[in-house]
Chemist: 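What follows is a structure written as structure tokens; I'll ask about it next.
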Amino acid sequence: MNVFAEINTLVLENLNTLVAEGTLPTGLDFSNVAVEPPRDAAHGDMATNAAMVLAKQARMKPRDIAEALADKLAADPRVLTADVAGPGFLNLRLDADIWLSVIPAALNHGTDFGRSDMGGKRKINVEFVSANPTGPLHVGHTRGAVFGDALAGLLDFAGFDVTREYYINDGGAQVDVLARSAYERYREALGQEPKIVEGLYPGDYLIPVGQAIAEKYGDSLLDKPESEWLAELREFSTEQMMDMIRADLKALGVVMDVFFSEKSLYGTGKIESALQTLEDKGLIYQGVLEPPKGKLPEDWEAREQTLFKSTEHGDDVDRPVKKSDGSWTYFAPDIAYHYDKIQRGFDELIDVLGADHGGYVKRMKAAVSALSDGKVPLDIKLTQLVKLFKNGEPFKMSKRAGTFVTLKDVVDLVGPDVTRFVMLTRKNDAPLDFDFAKVLEQSKDNPVFYVQYAHARVNSVLAKAAEAGFDVTDENLASADLRPLEHDAELGLVRKLAEWPRLLEAAARHHEPHRIAFYLYDLASDFHALQHLGKIEPELRFIRPDKPEQTLARLAMIRATAVAIAAGLGILGVTPAKEMR
RNA sequence: GGCCCCGUAGCUCAGCUGGAUAGAGCGGCCCCCUCCUAAGGGGCAGGCCGGUGGUUCGAAUCCACCCGGGGUCACCA
């Protein structure tokens, strides 16, 4: 049920008819023909630019095309009037029933209202968070987690077969550092003085890990050389860290489908196989990179390395996959990891990364393009910084982990729903100010509250109506006669509701979940305004005991609004509030 | 210096596939509850959409160059 798609189809059908009749020449490109709601409601319900887009191709005056199309469209029962305006816009006024039909559609579908088959069950992998398993998740990860999870939810709703995935960087030197740091905490747990030297992780979060090691191994590792415990503790500590990370994510409401270990790529031939694939395409060679342009690192020297010819797939320079000593660079397992995703049959890939990884985008896209022969698109979404405040003052907190605020800190303070919604009220590539005081405020300038309040208010009205004897079940409301909905403010709300399916698809196409948050705010705003009108003009109150038909129509309308809010919040991973007291 | 992101009202930001008179919240000024949640609603003031060219019937939106702010930049992941 998508009014816009419906009318778009109608316009295209009639354009084809005009071609068939010879009014328009053959061979026209309709791809730029759009049907949109006009910004100004005075222009009607829907407008199309078809005449202007086609005028040049057809070598006709825009107004002539518009008038011919208007005649055709006006013959459709759904179209009340079709007027040519301005340079050649065609403004359509639609039968109110078209708009009103969104109400039973919402009531019948519940929180699936707006679900689309746009994705056609295409397999899409959303990789996000992927923090090093060396400590707790912090605020930056939180934003990535919220964004990635909401994007995944959005794509699922839009008909994709979505996999949420976390890449565990457990293959590099940082895990050795973790193991050594945990070993010191282990010594501490057994009563010795820990030596947390420079370069080790000092965070308190490793204390319980040290205790766990003590429980498992007793004193058997004490005073043993590193070579005897490093591998063991690396694995053990990583698992402990991942348990903590999983718990943190769960507190935020994020559940991954797949945790993929970088380590699993080593010694299994996976890296070699991915690189071989590139080599078979002639994209691997031994060479010496040019020195970086501009500022030259002081210790720069020319080195012969194994390079990937990423410039053939859009990168600026070729990238090393092996160090000069022959070992892999970090880029090599990343290539292998993405190759693995391709081999698992994903049709599309998305990586959600922090903004500091901007320099990484081109080379990874080049690798995926090369490995999939350009068949699997990779979109990389970078999430910008989160700046923390409390009452407008910069906020620092260092409970246990050094100088950073952890995900758990944030969720403990404001809860998962508020955290998620607020972090989605900005585009991913815009910095975000997060004020702990403001996000908990119950007022209009707090979007979370404002949207939740609209949902709760609907519930409250329905409860009142039920007390007054109305049957407020969705089944009953879905069959209500909607003709009593006539007021501009009512029809305005209904139109806004009808935008939902279209908005959802646009958000999914652009990988921009924040559009849902803004839409919900607008929808809530329309609802609050209408609700208030009832205070000024009593005949606009939702519940009018003396007018049961009108009341049912209005209850159906506001219940449909609540359903849309619940559906939208559901995608964002936020629980709709039943009441706000 | 190269690359990436950003630049829209006093502040924080939306702005759809290029579409008609550029929107919201906050802040400022003014108004609205005997009532389904005033935890709300309405109005006024406030903009050369960073700049200059270009493409187009039409540009905040696309392209080029420039100016500001941030990020990043050969064997760290």
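Below, chains carry the letters A, B, ... as their sequence lines are ordered, and counting in each starts from 1.
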Chemist: What residues, two or more places apart in sequence or in another chain, satisfy ring-ring contact (aromatic ring centres under 6.0 Å, His included) together with A/Phe527?
Modeler: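 So A/Phe527 forms a ring-ring contact (aromatic ring centres under 6.0 Å, His included) with A/Phe542.
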Chemist: Check nucleotides 14-18 of chain B for protein N or O atoms closer than 3.5 Å to its own N or O atoms and list the pairs.
Modeler:
unit_1	atom_1	unit_2	atom_2	d
B/A14	OP1	A/Lys427	N	3.2
B/G15	OP1	A/His514	NE2	3.1
B/G15	OP2	A/Lys427	NZ	3.4
B/C16	O2	A/Arg502	NH1	3.3
B/U17	OP1	A/His510	NE2	2.2
B/U17	OP2	A/His510	NE2	2.8

Chemist: Would you say the base of B/A20 stacks on A/Phe89 (centre-to-centre below 5.5 Å, plane angle below 30°)?
Modeler: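 A/Phe89 vs B/A20: stacking yes.
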Chemist: Side chains of residues 417-427 of chain A: which donor-acceptor pairs under 3.5 Å do they make with residues two or more places apart or in other chains?
Modeler:
unit_1	atom_1	unit_2	atom_2	d
A/Asp417	OD1	A/Thr575	N	3.2
A/Asp417	OD1	A/Thr575	OG1	3.4
A/Asp417	OD2	A/Thr575	OG1	3.3
A/Thr419	OG1	A/Gly415	O	2.7
A/Arg420	NE	A/Leu572	O	2.9
A/Arg420	NE	A/Gly573	O	3.3
A/Arg420	NH1	A/Asp149	OD2	3.2
A/Arg420	NH1	A/Leu252	O	3.0
A/Arg420	NH2	A/Asp149	OD2	2.6
A/Arg420	NH2	A/Leu572	O	3.1
A/Thr425	OG1	A/Val422	O	2.6

Chemist: Identify whether the distance between the nearest side-chain nitrogen and carboxylate oxygen of A/Lys362 and A/Asp316 falls below 4.0 Å.
Modeler: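 Yes.
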Chemist: Who is the Watson-Crick or G-U wobble partner of B/C48, with both distances under 3.5 Å?
Modeler: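 Across any shown strand, B/C48 pairs with none.
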Chemist: Is A/Lys547 salt-bridged to A/Glu539, cutoff N-O under 4.0 Å?
Modeler: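 Looking at A/Glu539 together with A/Lys547, the answer is no, because their closest N to O distance does not fall below 4.0 Å.
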Chemist: Taking the same atom, C1', in B/U8 and in B/G40, what whole-Å distance lies between them?
Modeler: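 After rounding to an integer number of Å, I get 29 Å for this pair.
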Chemist: When the C1' atoms of B/U17 and B/C3 are compared, how many Å lie between them, rounded to an integer?
Modeler: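 Pairwise C1' distance, B/C3 against B/U17, rounds to 28 Å.
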Chemist: Identify each atom pair where a protein N or O and an N or O of nucleotides 61-72 of chain B are less than 3.5 Å apart, giving names and distance.
Modeler:
unit_1	atom_1	unit_2	atom_2	d
B/G71	O2'	A/Ala355	O	3.4

Chemist: Under 4.0 Å, heavy atoms only, any strand: does A/Leu289 hit a base, just the sugar-phosphate, or nothing?
Modeler: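 Here A/Leu289 touches the backbone only, sparing every base.
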Chemist: Determine the contact category for A/Val53: base if any of its heavy atoms lies under 4.0 Å from a base atom, sugar-phosphate if only primed atoms, P, OP1 or OP2 are that close, otherwise nothing.
Modeler: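 Base, at least one base heavy atom under 4.0 Å.
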Chemist: Using 4.0 Å as the upper bound for N to carboxylate O, is an ion pair formed by A/Lys341 and A/Glu165?
Modeler: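 Between A/Lys341 and A/Glu165 there is no salt bridge, as every charged N stays at least 4.0 Å from the carboxylate O atoms.
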Chemist: Using a heavy-atom cut-off of 4.0 Å across all strands, would you classify A/Asn91 as base, sugar-phosphate, or nothing?
Modeler: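 Base: the residue A/Asn91, judged by heavy atoms under 4.0 Å, touches a nucleobase.
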Chemist: Looking at residues at least two apart in the chain, or sitting in another chain, which of them share a side-chain hydrogen bond (donor to acceptor under 3.5 Å, both in side chains) with A/Ser116?
Modeler: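 In terms of side-chain hydrogen bond (donor to acceptor under 3.5 Å, both in side chains), with neighbours along the sequence ignored, A/Ser116 is linked to A/Glu505.
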Chemist: Quick one: label A/Pro431 by what it contacts on the DNA or RNA (base, sugar-phosphate, nothing), any heavy atom closer than 4.0 Å.
Modeler: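 It contacts sugar-phosphate atoms only.
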Chemist: Sequence neighbours excluded, which residues qualify as ring-ring contact (aromatic ring centres under 6.0 Å, His included) partners of A/His141?
Modeler: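 A/His141 satisfies ring-ring contact (aromatic ring centres under 6.0 Å, His included) with A/His138 once adjacent residues are dropped.
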Chemist: Once you apply the 3.5 Å cut-off to both distances, tell me the Watson-Crick or G-U wobble partner of B/C3, or none.
Modeler: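 B/G71 - that is the nucleotide pairing with B/C3, both distances being under 3.5 Å.
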Chemist: Show each protein N/O and nucleotides 40-45 of chain B N/O combination with a separation under 3.5 Å, one pair to a line.
Modeler:
unit_1	atom_1	unit_2	atom_2	d
B/G40	OP1	A/Lys444	N	2.5
B/G40	O2'	A/Arg457	NH1	3.3
B/G40	N2	A/His532	ND1	3.3
B/G40	N2	A/His532	NE2	3.0
B/G41	OP1	A/Tyr450	OH	2.4
B/G41	OP2	A/Lys444	NZ	3.4

Chemist: Which nucleotide, in any strand shown, forms a Watson-Crick or G-U wobble pair with B/A24, with both distances under 3.5 Å?
Modeler: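 Because both required distances fall under 3.5 Å, B/A24 counts as paired with B/U12.
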Chemist: Applying side-chain hydrogen bond (donor to acceptor under 3.5 Å, both in side chains), can you list everything that pairs with A/Asp318, at least two apart in sequence or on another chain?
Modeler: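 With sequence neighbours excluded, A/Asp318 shows a side-chain hydrogen bond (donor to acceptor under 3.5 Å, both in side chains) to A/Tyr285, A/Thr311, given in chain and number order.
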Chemist: What does A/Lys362 touch in the nucleic acid at a heavy-atom separation under 4.0 angstrom: a base, only the sugar-phosphate, or nothing?
Modeler: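 A/Lys362: backbone/sugar contact only, no base atoms under 4.0 Å.
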Chemist: Going by purine N1 to pyrimidine N3 plus the second Watson-Crick contact, or the G-U wobble pair, all under 3.5 Å, which nucleotide sits opposite B/G19?
Modeler: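 Pairing partner: B/C57.
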Chemist: Got a sec, which residues hit ring-ring contact (aromatic ring centres under 6.0 Å, His included) with A/Tyr521, two or more places apart in sequence or on another chain?
Modeler: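 By the ring-ring contact (aromatic ring centres under 6.0 Å, His included) rule, A/Tyr521 matches A/Tyr450.
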Chemist: If you take any heavy atom closer than 4.0 Å to RNA chain B, which residues from residues 552-560 of chain A end up in contact?
Modeler: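 Within this stretch, nothing sits under 4.0 Å of the strand.
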Chemist: Could you note down all residue pairs passing ring-ring contact (aromatic ring centres under 6.0 Å, His included) where residues 31-67 of chain A supplies at least one of them, sequence neighbours left out?
Modeler: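 Qualifying pairs: none.
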Chemist: A/Phe434: what forms a ring-ring contact (aromatic ring centres under 6.0 Å, His included) with it, not counting sequence neighbours?
Modeler: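 In terms of ring-ring contact (aromatic ring centres under 6.0 Å, His included), with neighbours along the sequence ignored, A/Phe434 is linked to A/Phe436.
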Chemist: Do A/Asp176 and A/Arg234 meet the salt-bridge criterion of a basic N to acidic O distance under 4.0 Å?
Modeler: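 Looking at A/Arg234 and A/Asp176, the cut-off is met.
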